[in-house]
Amino acid sequence: MTASTHILMCPPHHYDVDYVINPWMEGNIHRSSRDRAETQWERLHKILKDHAVVDLVEPQKGVPDMVFTANAGLVLGDNVVLSRFYHPERQGEEPHFKKWFEDNGFTVYELPKDLPFEGAGDALLDREGRWLWAGYGFRSELDSHPYLAKWLDIEVISLQLVDSRFYHLDTCFCPLSNGYLLYYPPAFDFYSNRLIEMRVPPEKRIVVNDDDAGNFACNAVNVGDVVVMNQVSDDLSRRLTEAGFQVIQTPLSEFLKAGGAAKCLTLRTTEPVMPNVHAVDSVVSTTITLKGHLLDAGIINRALDLVVEGGGSFQVRNFNLGEQRQSTSTADVHISAPSNDMMEEILAQLIELGAVSLPDDQGDAQLEPVSQAGVAPDDFYVTTIYPTEIRINGEWIRVGKQRMDGAIAVKETPDGIVAECKILRDLETHEKVVVGVSGIRTVRKPESREKRGTQEFGFMSAGVSSERRVELVVEQVAWELRRIRDRGGKVVITAGPVVIHTGGAEHLSWLIREGYVQGLLGGNAIAVHDMEQSCLGTSLGVDMKRGVAVRGGHRHHLNVINTIRRHGSIAQAVEAGVVTHGVMYECVKNDVPFVLAGSIRDDGPLPDTEMDLIRAQERYAELVRGSDMILMLSTMLHSIGVGNMTPSGVKMVCVDINPAVVTKLSDRGSVESTGVVTDVGLFLSLLVKQLAQLTSPLVNA
Ligand SMILES: NC(=O)c1ccc[n+]([C@@H]2O[C@H](COP(=O)([O-])OP(=O)(O)OC[C@H]3O[C@@H](n4cnc5c(N)ncnc54)[C@H](O)[C@@H]3O)[C@@H](O)[C@H]2O)c1
Ligand SMILES: NC(=[NH2+])NCCC[C@H](N)C(=O)O
């Protein structure tokens with residue numbers, strides 16, 4: 001027996017599964033045998049009495065989970081932080097545990113009422129006393145960790161739990177003597193696993209597999225070199241033995257029905273304070289304000305999900321719900337994160353959400369000089385598609401040339417400070433770049449109160465649905481194309497050769513001829529196969545009228561490339577009467593600019609194809625700028641490229657036969673984008689028919 005070790009237990013006289021507050025309890029209400037539970041508890045009690053002094057707290061009626069004394073609180077030295085239970089079902093235990101601690105001479109610290117923390121179930125001391133591992137995510141709040149650090153004067157390492165089966169830290173994590181750790185990595189987020197690996201050397205980490213984790217092997221009581229647990233596989237038992245531990249198994253199946261096992265049934269009340277160990281609290285907090293149709297547009301859900309998925313924790317304060325149909329709501333949200341880096345990552349995503357204003361004390365945007373042309377400073381802010389403003393000298397200024405995946409370059413000019421999005425390769429040494437997340441906000445118009453995706457007739461309600469009638473989307477696109485044309489707006493189309501292969505050339509030619517298209521973006525292939533069809537009636541060597549391959553057809557596209565190369569350009573071949581109809585013909589004849597970006601798989605290429613990729617991107621961006629709408633027709637490569645350089649506010653329609661492509665291209669988080677899964681030739685055919693039916697010019701709205 002280790003005389004200095006005291007353990008608190010509570011006899012299971014009132015234990016039962018009376019409710020469900022964790023996944024293990026589902027289906028087990030009133031299915032635990034009191035007799036078997038008493039027997040199993042007695043066996044554990046007897047085993048532990050051989051190795052420690054076991055104190056008992058009187059069980060109470062109405063609180064069946066009181067048997068799980070691990071959750072009574074967290075003890076260090078003569079101090080104890082009393083638990084604040086998350087679920088009301090267990091809050092009745094608090095006064096009983098508080099009384100026991102006070103009667104036994106502990107100084108009891110109590111957390112604020114609305115700040116849950118479930119004791120040694122969610123906080124476990126390193127067995128060498130060097131720091132406190134503290135879990136959060138299901139029962140305990142991250143905001144409780146600074147209190148633990150302060151009251152117990154110890155470093156707290158916050159670990160986010162991500163699997164609801166392992167809802168308490170002690171169900172998946174067990175610090176052992178001699179610096180060993182028994183744990184189940186999938187129960188933690190990536191960052192927490194990195195923290196564990198940084199603190200516990202590989203040779204001391206005993207990783208538990210799914211089966212052992214499901215049998216609560218990590219929920220073990222360790223006293224000295226003894227490890228007492230519910231059940232363990234031969235392999236894990238061997239590894240523990242090799243590490244110098246004596247493994248004692250004792251069945252606790254009746255308690256597993258409530259989601260607990262050996263460690264849950266115990267609370268070590270003698271935890272020595274180590275000299276020279278002091279509080280280090282890395283938890284950072286801030287308060288943001290969300291504004292918009294927080295409920296209807298789902299903004300608050302998305303924001304809070306972002307916080308949790310980013311490893312943080314939140315408390316919603318001062319929620320003011322908009323009273324009128326179109327009035328907006330506001331909410332102050334207190335956010336905590338285990339480190340500055342994680343907080344910055346969370347805030348960057350909230351800024352992208354666009355409904356966020358950071359506290360005014362966040363100050364100006366941080367600027368760092370570009371020390372090497374084409375290279376941004378570390379921690380540069382990555383731009384999004386949304387209109388963005390940065391705060392310089394207390395003034396908010398709009399960032400120009402908005403696009404995603406760029407940096408914000410800032411420079412002094414005779415007209416004042418100018419900020420614009422730049423892709424990394426274009427950064428110049430006389431510029432500065434925004435780093436971090438302070439002093440940045442995105443400006444997004446509050447989405448309409450209607451939920452996204454429920455507006456079947458609201459054009460561009462985002463979302464992809466192969467079930468959605470193609471005709472419906474065609475009607476909406478036709479209506480928008482007509483409106484844009486009538487007001488002299490700009491529509492750009494990016495298209496792949498599949499448009500030609502599916503018989504779409506005549507329809508796309510019609511759109512260009514009728515003035516619905518002000519720019520065409522594509523690659524070598526769409527031009528090659530369009531002119532192959534125009535000159536030779538085939539596409540990829542297939543007769544477009546009969547649908548059969550023609551003899552020698554496989555050379556047709558090379559013959560066309562060769563002919564165009566001989567004339568020097570597509571325009572010259574059109575002027576020479578070689579190309580007499582088709583998409584490229586209509587572009588030349590109607591002065592519709594086009595850019596053909598080269599790719600690794602190009603034949604030829606055509607003289608017009610821009611094989612300098614950087615130049616091609618620049619020319620694409622020039623043609624995209626100022627667009628009101630972009631149609632992305634069956635080209636994943638070029639559609640992604642165009643999407644990356646298009647700011648929000650531009651209506652985008654993606655047409656592809658592959659739902660995954662449509663989802664990727666439509667999922668921009670902006671309501672202006674939509675996608676339809678269909679054959680592109682069919683889509684164009686229906687679109688032309690619909691436009692032709694819109695005979696009367698629309699009255700300007
Ligand atoms: N001969 C050549 O020079 C040649 C030939 C082919 C491609 N290329 C080049 O390769 C690059 C990539 O070509 P890409 O954009 O065609 O390929 P891609 O794979 O990026 O996109 C093709 C898209 O078409 C979709 N699709 C296929 N059938 C469809 C249908 N019936 N209806 C609607 N969507 C359909 C696919 O799902 C895919 O997303 C381009 O730059 C192109 O010019 C050159
Ligand atoms: N330290 C623990 N894991 N305790 C287990 C507690 C079980 C209890 N039914 C609950 O859900 O709270």
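Along the sequence shown, the residues carry numbers beginning at 1. Counting starts at 1 for both ligands and their atoms, following the listed order. Keep in mind it's a predicted model, so treat the numbers as computed, not measured.
- Residue contact check: M25 has heavy atoms under 4.0 Å from atoms 9 (N) of ligand 2.
- Here the heavy atom of the protein found nearest to atom 6 (C) of ligand 1 is R601 NH2, 3.3 Å.
- Scanning the protein heavy atoms around atom 21 (O) of ligand 1, the nearest turns out to be M636 N, 3.0 Å.
- To the nearest 0.5 Å, the span separating CG on N22 from CZ on R165 amounts to 12.0 Å.
- Heavy-atom contacts of S599 reach the following atoms of ligand 1: 9 (C), 10 (O), 11 (C), 41 (O) (cutoff under 4.0 Å).
- Each of the following atoms of ligand 2 lies closer than 4.0 Å to a heavy atom of C264: 1 (N), 2 (C), 3 (N), 4 (N), 5 (C).
- For atom 8 (C) of ligand 2, the nearest protein heavy atom (residue, atom name, distance) is D65 OD2, 3.3 Å.
- Heavy-atom proximity to A70, at under 4.0 Å, picks out these atoms of ligand 2: 1 (N).
- For atom 20 (O) of ligand 1, the closest non-hydrogen atom of the protein is L637 N, 2.8 Å.
- Atoms of ligand 2 found under 4.0 Å from any heavy atom of Y167 (numbered from 1 in listed order, with element): 5 (C), 6 (C), 7 (C), 10 (C), 11 (O).
- Less than 4.0 angstrom separates some heavy atom of R90 from each of these atoms of ligand 2: 6 (C), 8 (C), 10 (C), 12 (O).
- Looking only at side-chain heavy atoms (C-beta outward), V57 and M9 stay at 4.5 Å or farther from each other.
- When only modelled atom types and interatomic distance are considered, R90 and N71 share a side-chain donor-acceptor pair under 3.5 Å.
- Which parts of ligand 1 touch N658 is read off a 4.0 Å heavy-atom cut-off, strictly below it: atoms 37 (O).
- Checking S685 against K689 by side-chain atom types alone, a donor-acceptor pair falls below 3.5 Å.
- Taking only nitrogen or oxygen atoms, main chain and side chain alike, H168 reaches within less than 3.5 Å of ligand 2.
- Residue R139 has at least one nitrogen or oxygen atom sitting less than 3.5 Å from a nitrogen or oxygen atom of ligand 2, judged on distance alone.
- Of all protein heavy atoms, the one closest to atom 1 (N) of ligand 1 is D603 OD2, 2.7 Å.
- When only interatomic distances are considered, the shortest N/O to N/O separation between A258 and ligand 2 falls below 3.5 Å.
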Problem set entry | F173/F188 under ring-ring contact (aromatic ring centres under 6.0 Å, His included): CA gap, chis, key distance, verdict | CA-CA 10 Å; F173 190 90; F188 300 92; 5.8 Å; yes
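- In terms of protein heavy-atom proximity, atom 30 (C) of ligand 1 is closest to V498 CG1, 3.5 Å.
- For a threshold of 3.5 Å applied to N or O pairs, the pair formed by E118 and ligand 2 contains no separation below that value.
- In this model, no donor atom of one side chain and acceptor atom of the other lie less than 3.5 Å apart for Q160 and S192.
- Under a 4.0 angstrom heavy-atom cut-off, L682 registers as lying outside contact with ligand 1.
- The side-chain heavy atoms of W24 and L256, taken from C-beta on, include no pair separated by under 4.5 Å.
- Side-chain contact between I657 and V680 is absent, with no heavy atoms from C-beta onward closer than 4.5 Å.
- Y109 has its ring centre no less than 6.0 Å from the ring centre of Y147.
- Residue G121 has at least one heavy-atom neighbour below 4.0 Å for each of these atoms of ligand 2: 1 (N).
- With hydrogens and angles left out, the side-chain atoms of S83 and E118 include no donor and acceptor closer than 3.5 Å.
- At a heavy-atom distance under 4.0 Å, atoms from both the backbone and the side chain of S634 approach ligand 1.
- Remark: R615 engages E622 in a salt bridge, criterion side-chain N to carboxylate O under 4.0 Å.
- For ligand 1 and V661, the ligand atoms under 4.0 Å from any heavy atom of the residue are 39 (O).
- When only non-hydrogen protein atoms are considered, atom 26 (N) of ligand 1 lies nearest to I657 CG2, 3.7 Å.
- Considering only non-hydrogen atoms, atom 39 (O) of ligand 1 lies nearest to D656 out of T635, V680, D656.
- Within the structure, ligand 1 has T502 among the residues with a heavy atom less than 4.0 angstrom away.
- The shortest contact between atom 1 (N) of ligand 2 and any protein heavy atom is with D170 OD2, 2.6 Å.
- A centroid separation of 6.0 Å or more is found between the aromatic rings of Y167 and F138.
- When the heavy atoms of D602, T678, V676 are ranked by distance to atom 9 (C) of ligand 1, first place goes to D602.
- In the model, T270 has no side-chain atom that pairs as donor or acceptor with a side-chain atom of H6 under 3.5 Å.
- A donor and an acceptor atom, one from each side chain of Y15 and D65, are nowhere located under 3.5 Å apart.
- The distance from ligand 1 to the heavy atoms of P497 drops below 4.0 Å at these ligand atoms: 16 (O).
- In terms of protein heavy-atom proximity, atom 42 (C) of ligand 1 is nearest to A525 CB, 3.8 Å.
- Listed by atom number, the atoms of ligand 2 under 4.0 Å from T171 heavy atoms are 3 (N).
- Around atom 41 (O) of ligand 1, the closest heavy atom drawn from H501, K664, H638 belongs to H638.
- Close approach of ligand 2 to N71 (heavy-atom distance below 4.0 Å) involves ligand atoms 1 (N), 2 (C), 4 (N), 5 (C), 6 (C).
- For the residue pair Q60/H14, the side-chain donor-acceptor check at 3.5 Å is not satisfied.
- A distance of 6.0 Å or more separates the ring centres of H96 and W100.
- For ligand 1, the atoms sitting less than 4.0 Å from at least one non-hydrogen atom of G523 are 41 (O), 43 (O), numbered in the order shown with element in parentheses.
- Within the 4.0 Å heavy-atom cutoff, H87 does not count among the residues contacting ligand 2.
- Screening V655, L508, L511 against L687 for a side chain to side chain contact (heavy atoms under 4.5 Å, CB included) leaves a single residue, L511.
- Protein heavy atom at the shortest distance from atom 31 (N) of ligand 1 is D679 OD2, 3.0 Å.
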Problem set entry | side-chain hydrogen bond (donor to acceptor under 3.5 Å, both in side chains) assessment of Y620 paired with H638 | CA-CA 10 Å; Y620 259 50; H638 296 283; 2.8 Å; yes
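- Ring pair W133/Y183: centre-to-centre distance not below 6.0 Å.
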